[in-house]
Amino acid sequence: MLIIASSNGAIGIERAMWTLKNGGSALDAVEIGIRAVEANPEEHSVGYNGYPNILGELELDASIMDGRTLNSGAVALMRGFPYAISVARQVMERELPHVLLAGAGAERFAHEIGAEKWEPMLRDEIKAVWRERLAASSESNDIPELTDESPLLEWVRLATDPERVRGTVNFIAIDSAGDIAAGVSTSGWAWKYPGRIGDSPIIGAGNYADNRHGACACTGMGEMAIRAGTARSLVLYLKIGLSLQEAARRAMLDLRDLGGAYIGGMNLIALDREGKHIGMSSRSGGRYIYQTEDMDAFQESEREVVTIPMRWAGEARK
Ligand code: GLY
């Protein structure tokens, strides 16, 4: 049994391992671990205390994938329901012939299945950071009145803050039956354009699990993982016989080769069906965490670095 997670999963990994040790499945462990992060008030990139979009609305994305069946469930742009990972799992498990529900449909589904609702989702401290960011982006230092009719393109560009745009949680587990599951949850980029969906709820981009080969989950600038199909690519590299390290390196190199503007880095965690695990990042200093059934506490491990040069909009590769 093994669980790997992004470092912000520290709050949930031990209870996720407890779940595995007590007969829970890999899917149970992933859901329980991520719920702990979604409920963590210190966490501003996942769950109820995440940073909002440019209009001050919190929109959550999440996905979960069952490596035994390749079934998946995901939600995007969901407002008012903090446990996005649990709603995503229900999309997968209920009698519903869909994988991804977004916006009002996701909220309707969450309501219909009785998912926990928290109102209001945007706490005062987060509102204050959002207002401060808007004021800092305004020439007059005034907070603009943003309505449904406001032009937002310029505001999103001005308010983008590389220190705050990133953040997501990844969990991947292997249970006692050898089944693999992977889950991802996020509030997405801070100050994003309303309706923006990142890689976290996109199966194949931010999340992929297949018992026969392994699993991968991503954090960082989701636009890049969507364009490179990162999580699926890594698993496909495993499928064609590459080692875990080489598969992860190739997936990172695919990201590096993308053109366009990169205002955030990319990170991934991955494991193979033998239980080898790895983390990679486009910047140095990154870590991920892991725990096996014989460990009382999780350990940290350094992510290997594959540098991806940052490019801003004006410097995009032609
Ligand atoms: N990686 C999370 C996002 O881009 O939304």
Side-chain angles (χ1 to χ4, degrees), residues 4-9 30 34 37-38 43-55 57-65 72 74-79 82 84-85 87-88 100 102-103 106 126 156 159-172 182-208 215-234 248 251-252 254-255 258 260-270 279-283 286 288 303 308 310-311 313:
I4 64 173
S6 49
S7 338
N8 56 351
V30 162
I34 291 181
V37 184
E38 289 174 333
E43 176 61 59
H44 300 310
S45 65
V46 180
Y48 84 102
N49 215 21
Y51 290 126
N53 67 21
I54 193 74
L55 294 176
E57 296 162 343
L58 182 60
E59 299 172 315
L60 301 183
D61 299 342
S63 68
I64 192 161
M65 184 158 184
S72 320
V75 291
L77 305 174
M78 190 174 65
R79 294 182 292 183
I85 194 66
V87 182
L100 170 60
I126 299 295
V156 170
T160 297
D161 175 353
E163 293 311 310
R164 286 207 174 108
V165 293
R166 296 164 298 123
T168 300
V169 64
N170 298 155
F171 265 77
I172 305 177
V184 182
S185 182
T186 188
S187 50
W189 282 32
W191 340 129
K192 61 192 172 186
Y193 198 100
R196 177 265 183 188
I197 298 174
D199 59 326
S200 305
I202 309 294
I203 296 298
N207 186 3
Y208 204 80
C216 173
C218 303
T219 59
M221 186 176 167
E223 281 72 4
M224 294 172 75
I226 292 173
R227 292 166 60 215
T230 301
R232 170 70 177 137
S233 294
L234 187 146
M252 292 297 289
D254 290 345
L255 290 162
L258 293 171
Y262 311 158
I263 63 172
M266 274 302 298
N267 321 286
L268 59 79
I269 58 170
M280 287 210 175
S281 177
S282 57
R283 309 167 202 241
Y288 70 103
R303 292 179 190 256
I308 298 175
M310 290 299 116
R311 301 186 183 111

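In listed order, ligands and their atoms are each counted from 1. If you read the sequence from its start, that first residue is 1, and numbering goes on from there. Nothing here was measured: the structure is a model prediction, and the numbers come from that model.
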Test your reading of the model: is there a side-chain donor-acceptor pair from [X] to the backbone of [Y], 3.5 Å cut-off?
{"X": "S233", "Y": "A228", "value": "yes"}
{"X": "D61", "Y": "L77", "value": "yes"}
{"X": "S187", "Y": "L60", "value": "no"}

Which ligand 1 atoms are under 4.0 Å away from a heavy-atom of [X]?
{"X": "D199", "answer": "1 (N), 2 (C), 3 (C), 4 (O)"}
{"X": "T168", "answer": "1 (N), 2 (C)"}
{"X": "G188", "answer": "5 (O)"}

Heavy-atom closest pair, residues V37 and N8: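 The pair with the smallest heavy-atom distance is CG2-O, 3.5 Å.
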
Geometric N/O contact [X] with ligand 1, under 3.5 angstrom:
{"X": "G222", "answer": "yes"}
{"X": "E223", "answer": "no"}
{"X": "D61", "answer": "no"}
{"X": "R196", "answer": "yes"}

Sub-4.0 Å heavy-atom contact, G220 with ligand 1: yes

R79 vs L58, side chain to side chain contact (heavy atoms under 4.5 Å, CB included): CA-CA, chis, key distance, verdict: CA-CA 6 Å; R79 294 182 292 183; L58 182 60; 6.0 Å; no

E223: partners by salt bridge (Lys or Arg N to Asp or Glu O under 4.0 Å), with sequence neighbours left out: R196

